[in-house]
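Residue numbers begin at 1 in each chain, while the letters A, B, ... track the order of the sequences. Keep in mind that this is a model prediction, so the values were computed, not measured.
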Amino acid sequence: MAAEFVARGADLELVGIRKEFPGFVAIEDLDLKIPAGEFFALLGPSGCGKTTTLRLVAGLDSPTKGKILIGNKDVTADKPHERPVNTVFQNYALFPHMSVVENVAFGLKQRKVSDPMPKAVDALKLVELEHLAQRRPQQLSGGQQQRVALARALVNRPSLLLLDEPLGALDLKLRRQMQVELKAIQMEVGLTFLHVTHDQEEAMDMADTVAVMNKGRIEQMGAPEALYERPKTIFVSKFLGQSNLFVGDVAESNADSVSINVAGNKITVPTKRAEKTTGKIVIGVRPEKATFHEDQAPEASSGLNVIGPGKIIDIRFTGVSNQYLIEVPQIGNITVFAQNVGKSPVTELGAKVWVSWKVEHSFGLSDLPVDNGEGK
Amino acid sequence: MATLALKPQKLATAQPKKSRIVLLLLLPGLIYLGLFFITPFAALITTSLQQPVLGGGIGQYQPGLEFGNYAFVVGEYLEQIIRSFIYATVATLLALAFSYPIAYFIGVKARNYPILQGLMLTLVIAPFFISFLLRTFAWKEIFGQDSWVSNLLRDTGLMADNEFLLGTPLVVIFGLTYNFIPFMTLPLYTNLERLDTALLEAGSDLYAKPASTFWKVTFPLSIPGITSGTLLTFIPIAGDYVTASRSFLGSPNTAMLGNVIESNFLRIQDYPSAAALSVMLMAAIVVLVSIYIRRTGTEDLL
Ligand SMILES: Nc1ncnc2c1ncn2[C@@H]1O[C@H](COP(=O)(O)OP(=O)(O)O)[C@@H](O)[C@H]1O
Ligand SMILES: [Mg+2]
C-alpha cells in the first residue's frame, strides 16, 4: 500500500483573504499557514465561513482579495482542476450515474493514472466498502456515502486534502472509529489535511493545530491543549468546552498576578495567563477545575480563588461526572464538574456552598462580553 | 382466536368494494381511451384492409382483408417513407444541437437570475403564440423567389439565378427544425434545471477540465431530457404534413409521409392506401421509439 503514496503534503498559506458575497462579507481578513503534513482543524459554528474558506482553497470560488499559496506556489488564479487539492464535500456530491468504484476512479482516470480500477478498489478497502463497489451511491446510507466521498478524494493522494465536516452524518460510534482511521490514514500518507468541523471534541481529538473561527475571522489558533487551557477570547472559552466567566475592574496588579473585584470577591489570575491587565477585564475558569465546599468557606490565600456563599440550584448526572449549578448572589451562576468516583453525592439541591479554584487555573481574556442590555 | 377468524372475512368484504372504486376512478380514462384511441385505430385498420367496389367510382371501397394494400404503398411510396425518416432525424439532431446550449444557459447559468430565466423561457415559447400555419407561411415569404434572403444569396453568388430556396430539402428541414424546436428545448430545460451543480464542482475538483466534466457528468445526467426531447420532436416531425407541402416550404421533391397520406385521403381519395400508410407510420414509430428507449436506458419514460 505504502508504495502508492507518492505525493507528499504541501504547505498551505492564505494571505489577507477577504471574500464578499453580494451584500455580505463572509470572510473579513484571513491569514493562515498550515505546514506540510499537518492535520489542521478549522473549528467554528455553522455559518461562520468554514465552507467558504475551503471553496476558496479548492478554487471553486475566488477571493475578493488576498492570495492562496500551496507549496509556496501562488494558485490564486488557478482553476480547480489545476490545483493539487481534493475535497470531501459536505453533501458528498457523488456522481449518481456511476457506481461507487467508478466514482472513486474518476480522479485517477482524469489524470490518466495507470490501473485506476485496482487503485480505486484499494481505496474502497481503506474505508471498508469494497463489498459495495458496484452499487450506485443512492443505494448507500449517508455514512457509507461519506466514506465513498472520502475514498474518492484520498485515492488521488492530493498534496492537500480538504474535508468539509466529513463525519457529520455518522452516528457516534462510527464517527469515533472514522476519526481514528482518518488520523491513521493522515499519519500514514503524510498528506496535509484541512479538516472543517463544528464538533469541538472531533477537532481537539484529531488535529495537531486547531483554529477557532467566528464570523469570518480566526479568533485563536494553537494546539488543542493550549487552546483549552488558555482561551484568549470569550467566544473561544465558550465554544471550546465550557467556562465560568467573571467580569470586574482590576483592583490589584503586579508582576505575578492580576486581581479583580467581583461583588466583594477577589478573583486572581497569574499575569502570564492574562491577556489584559488594566481596566475592566474578564477572568474565567473551567468547570472541572473548580470545586465546592459545604459547611464553611475555605481559607482564601494567594494561591486560591474563593467565591460564595451560593446555593446549589441544579444537579445533573451525566455519567462520568456530576454537574452542579451554583447560584451566587450578585455574581450569577457557576458551573462545577465533579468526577463521579463512586461516592454518591451527599450534596442536595439548595445546599449552601463556596466555590474555589487554584489561581493558576484562571485565565484572563482579551475581550469583554457584549452588553446585551441586561446590564450584567 | 376470534379476531383471527374475523380477519379473513373482513378482507373478503373489503376487496370487491375497493376494486369497484378503482374501476369507477379509472372509468373516465377508459372511456377516453376507447373513444379517442381504440375506435379510430380500429377504424384505421379496417380502412387499410378495404378493397375497391367492383365497377365503383373513385373513392368507393368495401370492407375486405386486402393485405396487399400494405405491399402496394411500400412499393409506391418508399422514397417518401425513407425521406420522412431522414428529414425527421436530421431536424431532430439540429433541434438538439441548437436547444442544448439554450436550455443549459436558461436552466443552469441563469439559475440565480429568475427574471432573465423567465424572459428567456418566454422567448422560447413565444412563437407558439402565433399559429403554426402563419409562422410557416411567414417563412415561405422570407425564402420566396423575390425575398431579400434569395436576393442576398444570388448577389453573393451562393445561388444561381435559376435556383430557388423554396422546395429544397434545406429549407424544408430548416422549417421542420424551427417549428418543433420548443419541444426539444423545454424537456431539456426541465432536466438541466434540476442538474446539481455541486457535481460539476466535484468534477473539476477531481481534475476534470470543463469539457470532460461536460461529457462525463452533465451529458450523461441529461440523457432523460434528451430522450424525451428527441421523442417529442421526432414523432411529430415524422408525421408532419404542413412544412413539406407544396403550399408551404416544400415541393414534390420534398414530399414526406404526411403529405402522401394527406393527398391520398383528401385528393386521390384512396382511403385504404392512406390508412395503410398511417398504420405503418405508427408501427414504425413505436418500433423505433422502443429500440431508442432501450438503448438510452430510460425505460421509466414509457
Ligand atoms: N453563494 C453565497 N452567496 C451569499 N452568501 C453566502 C454564499 N455562500 C455562503 N454564504 C454565506 O456566508 C456565510 C458562511 O457560509 P459557510 O462558509 O457555508 O458557513 P459554514 O461555516 O457553516 O460552512 C453564511 O452566512 C452564508 O449564508
Ligand atoms: Mg459548511
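- Heavy-atom contacts from other residues, nucleotides or ligands closer than 6.0 Å to CZ of B:Phe85 number more than 12.
- Residue B:Leu25 qualifies as enclosed at atom CG: its count of foreign heavy atoms under 6.0 Å is above 12.
- In the displayed structure, B:Tyr32 atom OH is contacted under 6.0 Å by at most 12 heavy atoms of other residues, nucleotides or ligands.
- Dense packing is recorded around NZ of A:Lys19, with more than 12 heavy atoms of other residues, nucleotides or ligands lying under 6.0 Å away.
- In this structure, the separation between CG on B:Leu206 and CG on A:Leu108 is 9.0 Å, given to the nearest 0.5 Å.
- Under a cut-off of 6.0 angstrom, the local environment of CE in A:Met117 is crowded, with over 12 non-hydrogen atoms contributed by other residues, nucleotides or ligands.
- The greatest number of non-hydrogen atom pairs below 4.5 Å with chain A, out of B:Pro210, B:Ala198, B:Pro220, B:Ala208, is found for B:Ala208.
- Both the backbone and the side chain of A:Phe95 come within contact range of chain B, judged by heavy atoms closer than 4.5 Å.
- Between B:Tyr207 atom OH and A:His81 atom NE2 the span is 11.5 Å, to the nearest 0.5 Å.
- A 6.0 Å sphere centred on OH of B:Tyr113 holds no more than 12 heavy atoms belonging to other residues, nucleotides or ligands.
- Surrounding CG of B:Leu26 are more than 12 heavy atoms belonging to other residues, nucleotides or ligands, all under 6.0 Å away.
- Here the straight-line distance linking atom CD of A:Gln110 with atom OG of B:Ser212 works out to 4.0 Å at 0.5 Å rounding.
- Ranking A:Arg152, A:Arg83, A:Lys109 against chain B, the residue ahead of the rest is A:Arg152, based on heavy-atom pairs under 4.5 Å.
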Problem - Verdict with supporting geometry, A:His97 and B:Ile223, side-chain contact (heavy atoms from CB on, under 4.5 Å) - result: CA-CA 11 Å; A:His97 58 294; B:Ile223 284 177; over 6 Å; no
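- Contact annotation for B:Asp205: both backbone and side-chain heavy atoms come within less than 4.5 Å of a heavy atom of chain A.
- The shortest side-chain heavy-atom distance between A:Pro96 and B:Asp196 does not fall under the 4.5 Å cut-off.
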